[in-house]
Q: 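I'd like to ask some things about the structure below.
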There are 2 protein chains.
Amino acid sequence: MPHCHTYLKKLRDLGYRITPQREMVIHIIAHSGRHMSAEEVTEEAKKRSEAINVATVYRTLDLLVENGLASKLDLGDGKTAYATGEHGPHIHLVCRQCGCVTEISDGDISVPLRDIEEKYSFDCHPYHFSIHGICRNCRERTN
Amino acid sequence: MPHCHTYLKKLRDLGYRITPQREMVIHIIAHSGRHMSAEEVTEEAKKRSEAINVATVYRTLDLLVENGLASKLDLGDGKTAYATGEHGPHIHLVCRQCGCVTEISDGDISVPLRDIEEKYSFDCHPYHFSIHGICRNCRERTN
DNA sequence: TTGCTATCTGCAAACTTTCGCAATAAGGAG
DNA sequence: CTCCTTATTGCGAAAGTTTGCAGATAGCAA
């Protein structure tokens with residue numbers, strides 16, 4: 001299971017600088033074990049008696065996403081959620097109506113990512129990959 | 001291939017009202033055959049010599065997304081793109097670095113959506129479903 | 001056609017996210 | 001340890017998106 005240090009090392013290896021702000025953001029989302037909005041991360045960071053700016057939080061989160069260390073998720077609540085791949089590769093079933101997210105393990109289903117990689121030279125990030133649709137509750141409520 | 005009327009009928013069947021603003025938005029994105037930002041849709045609508053508000057455009061686009069008639073896509077350029085399933089179901093390969101989108105037909109790859117539907121009672125929307133990763137160009141530039 | 005009612009729109013304000021720029025500081029070289 | 005270079009931060013402003021509310025109107029019933 002990847003740890004803060006793993007993320008930090010990966011960033012360092014990629015040539016990025018390790019700053020207290022980045023350490024803090026990584027620590028927070030890696031240990032939360034859930035999806036967090038940029039605002040939540042910022043609040044959490046400020047609790048740790050350190051000043052950190054919202055813009056920096058956004059930049060750090062985007063940095064992690066760009067390098068495949070975290071993923072962005074639109075939960076349809078007007079905010080964007082971020083999460084690390086801390087609890088292993090999985091697929092998100094995102095409901096378009098209520099925005100709820102069901103996580104299923106990628107072992108449950110075999111998406112042939114390898115085929116895509118070969119055919120399109122596209123390097124798929126296995127963590128957090130989303131399928132949109134309507135969840136059972138919403139469907140039942142509508143019927 | 002779905003047409004404006006199909007979308008309008010679907011909305012009406014779902015109990016929504018058909019307003020000139022909704023017709024306009026649907027007409028615009030269904031005929032564009034590409035991804036459009038909310039701003040582009042608004043501009044286009046205003047060209048058609050009708051007043052329409054940005055808030056209404058957002059609300060209409062979200063309505064379409066919630067009902068599986070269109071999809072939202074984060075292209076990483078600070079704006080959200082919307083598109084109908086006009087040109088058939090397909091998969092988006094979204095690059096996390098440059099934000100470019102490669103569309104591949106769902107015939108190229110068989111994502112076992114049916115399995116997910118059965119196992120999780122989740123009604124997958126086949127149109128526009130995204131896989132994130134790194135495109136060939138960005139990978140080559142990095143190496 | 002007319003009237004009714006809940007839905008929808010426009011507006012303005014609030015909120016979320018991005019950007020430019022000057023100041024700061026990480027990390028390597030000496 | 002000190003200096004240097006350049007990436008990174010914080011700030012304020014701008015851009016993009018959502019929300020609450022009052023007024024307008026689609027669609028139904030008569």
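Numbers restart at 1 for each chain; the letters A, B, ... are given by sequence-line order, proteins then strands.
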Q: From D:dT6, D:dT19, C:dT9, pick the nucleotide closest to the side chain of B:Ala55?
A: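 Of the candidates, D:dT19 comes closest.
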
Q: Find which nucleotide of DNA chain C each of B:Pro20 and A:Arg59 is nearest to by heavy atoms, and output the residue with the more 5' nucleotide.
A: B:Pro20

Q: The side chain of B:Gln21 is closest to which nucleotide in this list: D:dT8, C:dG10, D:dT18?
A: C:dG10

Q: Of the nucleotides D:dT9, D:dT17, C:dG10, which one has an atom closest to the side chain of B:Thr80?
A: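 Among D:dT9, D:dT17, C:dG10, the one nearest the side chain of B:Thr80 is D:dT17.
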
Q: In whole Å, I'd like the distance from the CG atom of B:Leu61 to the P atom of C:dT9.
A: 12 Å

Q: In Å and rounded to the nearest 0.5 Å, what is the CZ to CZ distance from B:Arg22 to B:Arg59?
A: 9.5 Å

Q: So, for A:Leu73 and A:His35, which heavy atoms are closest and what is the spacing to 0.1 Å?
A: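 Minimum heavy-atom separation between A:Leu73 and A:His35: CD2-NE2, 3.7 Å.
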
Q: Can you tell me if the side-chain N/O atoms of A:Thr19 get under 4.0 Å from OP1 or OP2 in D:dT9?
A: yes

Q: Determine, for A:Glu44 against A:Lys47, whether the closest basic-nitrogen to carboxylate-oxygen distance falls under 4.0 angstrom.
A: yes

Q: Given atom CG of A:Leu11 and atom P of D:dA7, what is their separation to the nearest angstrom?
A: 15 Å

Q: Considering only side-chain heavy atoms of B:Arg22, which listed nucleotide, D:dC11, C:dC8, C:dG10, is closest?
A: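 Of the candidates, C:dC8 comes closest.
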
Q: Quickly work out the B:Lys79 NZ to C:dC19 P distance and round it to whole Å.
A: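 One finds 11 Å between P of C:dC19 and NZ of B:Lys79, rounded.
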
Q: In this structure, how many angstroms lie between the P atom of D:dT5 and the CZ atom of A:Arg17, rounded?
A: 12 Å

Q: Which sits closer to the 5' end of DNA chain D, B:Tyr82 or B:Tyr16, going by the nucleotide each is nearest to?
A: B:Tyr82

Q: Given D:dC11, D:dG16, C:dA25, identify the nucleotide with an atom nearest to the side chain of B:Tyr58.
A: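 Nearest nucleotide to the side chain: D:dG16.
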
Q: I want to check one thing: is the phosphate of C:dG10, taken as OP1 and OP2, less than 4.0 Å away from some side-chain N or O of B:Thr56?
A: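 For C:dG10, OP1 or OP2 has a side-chain N or O of B:Thr56 closer than 4.0 Å.
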
Q: For the OG1 atom of A:Thr84 and the CG atom of A:Leu61, what is their distance to the nearest 0.5 Å?
A: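 The OG1 atom of A:Thr84 sits 11.0 Å away from the CG atom of A:Leu61.
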
Q: Nearest-Å distance, CD1 (B:Ile18) to P (C:dC8)?
A: 9 Å

Q: Report the distance from atom NZ of B:Lys9 to atom P of D:dG27, rounded to the nearest whole Å.
A: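 Answer to the nearest Å: 14 Å.
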
Q: Pick the closest DNA chain D nucleotide for B:Glu39 and for A:Thr60 by heavy atoms, then say which residue is nearer the 5' end.
A: A:Thr60

Q: From the options C:dA26, D:dG10, C:dT9, select the nucleotide whose nearest atom is closest to the side chain of A:Ile52.
A: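 My answer, after comparing the listed nucleotides, is D:dG10.
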
Q: D:dA15 P sits how many Å from B:Glu43 CD, rounded?
A: 14 Å

Q: Choose from C:dA25, D:dT18, D:dT9 the nucleotide whose nearest atom is closest to any side-chain atom of B:Asp62.
A: D:dT18

Q: To the nearest 0.5 angstrom, please state how far the OG1 atom of A:Thr80 sits from the CE atom of A:Met36.
A: 14.5 Å

Q: Taking only the side-chain nitrogens and oxygens of B:Asn53, find out if one of them lies under 4.0 Å from OP1 or OP2 of C:dC11.
A: yes

Q: If I take atom CG in residue B:Leu63 and atom C1' in nucleotide D:dA26, what distance separates them, rounded to the nearest angstrom?
A: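 Distance check: B:Leu63 CG to D:dA26 C1' gives 15 Å.
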
Q: Return the CZ to NE2 distance between B:Arg12 and B:His5, rounded to the nearest 0.5 Å.
A: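 With rounding to 0.5 Å, CZ (B:Arg12) is 10.0 Å from NE2 (B:His5).
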
